[in-house]
Amino acid sequence: MKGMSKGVANYGDAGFSLFLRKAFIKAMGYSDDALDRPIIGITNTFSGYNACHRNVPDIIEAVKRGVMLSGGLPVEFPLVSIHEAFSHPTSMFLRNLMSMDAEEMIRAQPMDSVVLIGGCDKTVPALLMGAASANVPAILTVTGPMITGSHKGERLGACTDCRRLWGQHRAGEIDEAEIEEISGKLAPGPGTCMVMGTASTMALVSEAMGMMLPGGAAIPAVHADRMRHAEATGRRAVEIAAEGLRPRDVMTEDSMRNALRVLQAVGGSTNGVVHLAAIAGRLGFDLDLEELDRLGAETPVLVDLKPSGQHYMEDLHKVGGLTPVLREIREYLALDCPTISGRTLGEEIDSAAPAWTQDVVREVADPIHQGGGIRLLRGNLAPNGAIIKQAAATPALLKHRGRAVVFTSLEDMANRIDDPDLDVAAEDVLVLQNAGPKGAPGMPEAGYLPIPKKLARQGVKDMVRISDARMSGTAFGAIVLHVSPEAAVGGPLGLVRDGDMITLDVAAGRLDLEGDDAELEARRKDWTPPGHTKATRGYAKLYFDEVLQAEDGCDFDFLRHTPRGRQP
Ligand code: FES
């Protein structure tokens with residue numbers, strides 16, 4: 001079935017169902033000629049709460065232009081929109097809801113292909129998860145990064161500089177009036193965070209995976225190229241409707257491997273690991289964390305963007321976007337992967353403009369960081385894994401043994417971290433428990449534990465910090481994340497107590513708690529789950545009943561292509 005005849009509502013009389021559908025769609029003013037065209041759905045993820053999607057109406061207009069220039073009928077439809085700062089308790093808590101919305105609306109409504117418009121951190125993963133499950137021909141475009149702001153002559157970007165300047169405010173170096181003034185300068189317009197945060201990471205890995213036309217990831221939100229890319233996306237959407245090119249034809253195990261390579265080479269956000277694991281689960285395979293580690297060991301970090309480097313996404317766009325990265329790591333990529341353009345990844349790299357001298361994307365021989373941005377850790381503290389973004393950590397802390405200072409929850413941390421009487425020293429290890437997928441809930445980006453105020457005032461900039469939470473890709477430090485199993489489901493992280501000794505050895509890929517087994521076993525017997533990890537109704541009940549751990553992308557078990565049939 002094609003066009004308006006696809007998936008009619010069930011009234012027990014298919015002819016009547018189609019007649020009724022046409023009667024209502026004609027109320028929109030469409031002609032019969034328009035209704036006979038390929039129908040191209042366009043997800044409208046605009047929201048008054050989502051500044052990262054502020055330019056979605058303009059992008060929709062450009063996509064529509066492309067669709068109509070190619071003879072299709074564009075039909076936009078709304079979807080849930082999630083912004084990081086406007087999602088209680090966390091955006092991660094809601095990502096799966098958006099993915100379900102995307103899957104069901106793509107499947108329920110008649111469309112021969114769909115243009116997915118994402119941008120802010122969780123929206124691209126949610127759209128790709130939904131599209132992978134619905135498997136209707138789909139093409140992604142993004143809202144694009146913000147341009148940079150400035151303060152007292154210094155170039156600023158959300159949210160690396162949000163965190164850095166807030167840290168200075170906490171340390172007493174920036175007063176109330178100035179920090180208020182700065183809040184108006186960090187995000188100076190529409191678009192996504194312009195450092196190598198999760199939004200930039202997911203845009204780049206999605207392009208590498210082949211779901212977006214070349215060049216789309218890095219074009220700034222306000223650039224005319226952004227609209228031309230959207231128009232081209234609309235044109236291509238009509239073609240894939242005819243070709244039947246589906247998400248599962250493009251997102252394969254090989255293209256996922258390319259995405260992991262790019263994640264490492266761009267110094268991408270650790271959140272990318274969680275989201276790619278969730279997308280892989282929708283496609284029918286598992287993300288292999290050992291492979292991520294192996295690929296990382298042989299893939300240097302090449303992109304000189306904050307927080308690991310110095311530039312911003314608009315600089316990456318000016319030097320060619322993702323293409324120079326792909327060109328540099330070409331020998332590591334599966335070049336025969338199909339992309340949504342209809343050409344292979346290798347053909348796309350070959351047809352790109354020649355390289356020129358620039359300082360944003362380094363050569364493999366002169367990397368920002370040798371040996372990958374993200375490392376997998378295992379050990380008795382993280383039997384199912386944990387990760388660290390070593391490229392953004394203080395090198396001296398990558399091998400460290402320290403005394404645990406434990407916070408049992410986010411609330412406990414908020415109450416005590418700045419207590420002048422807190423027994424903490426710079427060489428200690430800060431441990432945050434119960435901030436994982438179920439514990440918080442929603443695995444907040446709380447892994448960037450603040451440096452206790454009394455140490456910050458002494459000039460301490462980094463400490464080893466360990467949690468089952470996530471971290472914004474815009475953050476930095478010796479921060480161990482995604483410890484699994486999380487504390488709230490009985491993971492060893494929940495057994496750590498003040499004064500325990502913890503060893504981190506990133507080169508060896510180890511995270512271990514010292515202590516005798518009998519003592520740990522006794523603590524395990526005493527352990528009880530936190531009271532809030534259940535809900536009796538609504539989406540929260542679904543979330544608590546079904547959410548999986550970080551290594552499964554925090555997806556709901558029943559949404560996976562092949563449910564595991566178990567709870568974490
Ligand atoms: Fe939307 Fe950073 S808050 S991309």
Side-chain angles (χ1 to χ4, degrees), residues 43-57 59 79-95 98-99 116-128 140-149 156-166 182-207 212 216-223 226 263 266-272 274-275 305-308 312-314 316-317 389 392 442-448 470-476:
T43 63
N44 185 346
T45 52
F46 175 82
S47 158
Y49 289 105
N50 195 342
C52 306
H53 288 215
R54 195 179 113 187
N55 60 346
V56 163
I59 291 176
L79 285 186
V80 166
S81 185
I82 304 171
H83 184 277
E84 291 301 295
F86 293 90
S87 306
H88 181 78
T90 72
S91 58
M92 192 64 169
F93 181 78
L94 296 170
R95 183 204 60 185
M98 182 175 177
S99 81
L116 312 166
I117 303 175
C120 195
D121 292 15
K122 303 302 175 295
T123 62
V124 168
L127 289 168
L128 291 180
L140 175 74
T141 189
V142 291
T143 55
M146 277 183 274
I147 54 168
T148 49
L156 295 185
C159 249
T160 299
D161 296 314
C162 315
R163 294 173 203 287
R164 181 176 60 80
L165 295 169
W166 185 255
I182 288 169
S183 74
K185 297 178 171 178
L186 286 158
T192 50
C193 293
M194 58 292 232
V195 298
M196 192 54 73
T198 306
S200 302
T201 300
M202 288 310 300
L204 290 162
V205 300
S206 302
E207 184 180 329
M212 180 160 42
I219 306 168
V222 295
H223 202 297
R226 172 59 55 208
L263 175 68
V266 302
S269 162
T270 45
N271 288 322
V274 177
H275 297 315
L305 248 67
K306 288 194 172 193
S308 309
Y312 296 89
M313 283 296 279
E314 65 191 76
L316 182 63
H317 173 60
K389 190 173 183 180
M443 207 180 181
E445 292 185 336
Y448 180 74
R470 295 176 301 115
M471 173 176 86
S472 164
T474 63
F476 46 88

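When a ligand or atom number is given, it counts from 1 through the structure's own listing order. When a residue number appears, it is its place in the shown sequence, counting from 1.
- Listed here is the closest heavy atom pair of Thr148 and Tyr312: CG2-CG, 3.4 Å.
- When heavy-atom distances to ligand 1 are checked against a 4.0 Å cut-off, Cys120 comes that close through both its backbone and its side chain.
- Atoms of ligand 1 lying under 4.0 Å from any heavy atom of Cys52, numbered from 1 in the order shown and given with element: 1 (Fe), 3 (S), 4 (S).
- Residues His53 and Thr123 have side chains that bring a donor and an acceptor to within less than 3.5 angstrom of each other.
- Counting atoms of ligand 1 from 1 in the listed order, those under 4.0 Å from a heavy atom of Ala199 are 4 (S).
- Contact annotation: Cys193 places an N, O or S atom under 2.8 Å from atom 2 (Fe) of ligand 1.
- With ligand atoms numbered from 1 in the order given, ligand 1 contributes 4 (S) to contacts under 4.0 Å with heavy atoms of Thr192.
- Close approach to Asp121 involves these atoms of ligand 1, each under 4.0 Å from a residue heavy atom: 2 (Fe), 4 (S).
- Ion pairing of Asp121 with Arg95 is absent here, as no side-chain N (NZ or NE/NH1/NH2) approaches a carboxylate O to less than 4.0 Å.
- Phe476 and Tyr448 have perpendicular rings, their planes meeting at more than 60° on a 0 to 90° scale where under 30° would count as parallel.
- No side-chain donor-acceptor contact under 3.5 Å links Arg470 and Thr90.
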